[in-house]
Amino acid sequence: MKIKYFAWIKDITKKDVEILNSNYPKNIEELKKYLTLMYPSLEKHISKDILRYAINMEYNSKNPSLQENDEIAVFPPVSGG
Amino acid sequence: MKIKYFAWIKDITKKDVEILNSNYPKNIEELKKYLTLMYPSLEKHISKDILRYAINMEYNSKNPSLQENDEIAVFPPVSGG
Amino acid sequence: MIKIQKKDFNVENEIKTIKDKYSSIGAVNVFIGFVRDYNDKRDVKFLELEVYEQMAIKELSKIQQRAIKKFKLIDSLIIHRYGKLYVNDKIVLVVCFSVNRKNSFEATKFIMDYLKKDAPFWKKETYDFGSNWI
Amino acid sequence: MIKIQKKDFNVENEIKTIKDKYSSIGAVNVFIGFVRDYNDKRDVKFLELEVYEQMAIKELSKIQQRAIKKFKLIDSLIIHRYGKLYVNDKIVLVVCFSVNRKNSFEATKFIMDYLKKDAPFWKKETYDFGSNWI
């Protein structure tokens, strides 16, 4: 599984992307637990539901199961235009 | 008084502009009578209230008194843009 | 600024001339009207656009000033062409410059609506057979 | 058409490339977003615009297709820049081509509203002192 980070999330994770193999999160709730564990500074943003999660470049508000070859993106509210 | 004609009104009056001296219409109602008399084909358009009248380049829906040095314009609904 | 002219205009250059004056502009909305090939179920060959020029400048200035005030515009530009215009030619340009996007959209729409209603321009369409004031 | 690019664009040329394909276009509405000098009470020196490029193309295509269908557009163009952009630089261009003007206005507004809400771009503003993700 590939996880990409954008904007100020990247300033916290100190990386753009990471690859998880066997021990990857199986759904968005598990992903949130993983992020909280690895990057404690993200916890307040996750608990306030500020972050957005895209699975294979699609927004997803539900909690679908994640597959090993998925590309996940974690980012703050967008501000383009 | 100068009276200007535009678009298909001009096709009826056969002129762009005419100058009236002493015997000019004293208000819009008199102008309508003058136009009906001089250009009988305009009558149906005047009676259906299709024409628009501008006095010194301002629209005027009332019946103000007209002065000798006024520029009057008579035209159909606009279609620019 | 209001321009009534026969010649074509370049949208990029017209916008740039005004934009360069104000670094506070964040949003620009633009409307461009073109002569289209087909109107009222008939193939159009060309248009003849007549204008009552002095009154057009007066009316467009009035509409533009109302838009600038109502929508807090930084600036605005209206260009309207006249004379013989062929299919695909530009007819009109309205540009509204503002800090935020909502005002620029509403102002351009406001100007176009009043322009269509009040600006003294008239179009004569010529078809393969005959022509018509519209 | 969707373009995600670093380089600037010329509004006249971008419109012309599409307009030349369709003589049925009568109305073109355009929105251009610029980097402005002052935002959220601070003087901006420059922006760094980050994009999740593949997802941006996917999201913008989806929004554009919805606009084309909903407002019966003949065509539409979205260009969004990324990278380092200075005050007065263009950020985004949205163009909607239609037969009549009402649809072109509403479609451009629709696209901008969804672009602001869903397209994965992020701006980092740099001031005289410090910088901030907005």
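Not measured: the values here are computed from a predicted model. Lettering of chains follows the sequences in order, A, B, ..., and the numbering in each one begins at 1.
- For chain C, no part of D:Lys16 is nearby; none of its heavy atoms comes within less than 4.5 Å.
- Atom OG of C:Ser23 is separated from atom CZ of D:Phe34 by 11.0 Å, given to the nearest 0.5 angstrom.
- Taking chain C as the reference chain and counting heavy-atom pairs below 4.5 Å, the highest number among D:Ile25, D:Asp20, D:Asn13 is found for D:Ile25.
- Only the side chain of D:Lys116 comes within contact range of chain C, with heavy atoms under 4.5 Å apart.
- Residues D:Asn100 and C:Arg36 share a closest heavy-atom pair of OD1-NH1, 3.5 Å.
- In this structure, C:Lys58 places its NZ atom where more than 12 heavy-atom neighbours from other residues, nucleotides or ligands lie under 6.0 Å away.
- Both the backbone and the side chain of D:Thr108 come within contact range of chain C, each with at least one heavy atom under 4.5 Å from a heavy atom of that chain.
- With D:Asn29 contributing its side chain and C:Val30 its backbone, the two residues share a donor-acceptor pair below 3.5 Å.
- Proximity to chain C (any heavy atom under 4.5 Å) is restricted, for D:Ile15, to the side chain, taken from C-beta onward.
- In this structure, the ring of D:Phe105 has its center less than 6.0 angstrom from the ring center of C:Phe31.
- Ion pairing between a basic and an acidic side chain is recognised when a charged N comes within 4.0 Å of a carboxylate O; C:Arg101 and D:Asp113 show such pairing.
- Neither the backbone nor the side chain of D:Val94 comes within contact range of chain C; no heavy atoms are under 4.5 Å apart.
- Using a distance-only test at 3.5 Å, with no hydrogens or angles considered, no donor-acceptor pair links the side chain of D:Asn10 to the main chain of C:Glu12.
- Chosen from D:Asn88, D:Val99, D:Val44, the residue pairing most often with chain C at heavy-atom distances under 4.5 Å is D:Asn88.
- The residue among C:Cys96, C:Ala27, C:Ser104, C:Ser24 with the most heavy atom pairs within less than 4.5 Å of chain D is C:Ser24.
- Between chain C and the options D:Ile91, D:Val11, D:Val92, D:Val87, the largest number of non-hydrogen pairs under 4.5 Å is found for D:Val11.
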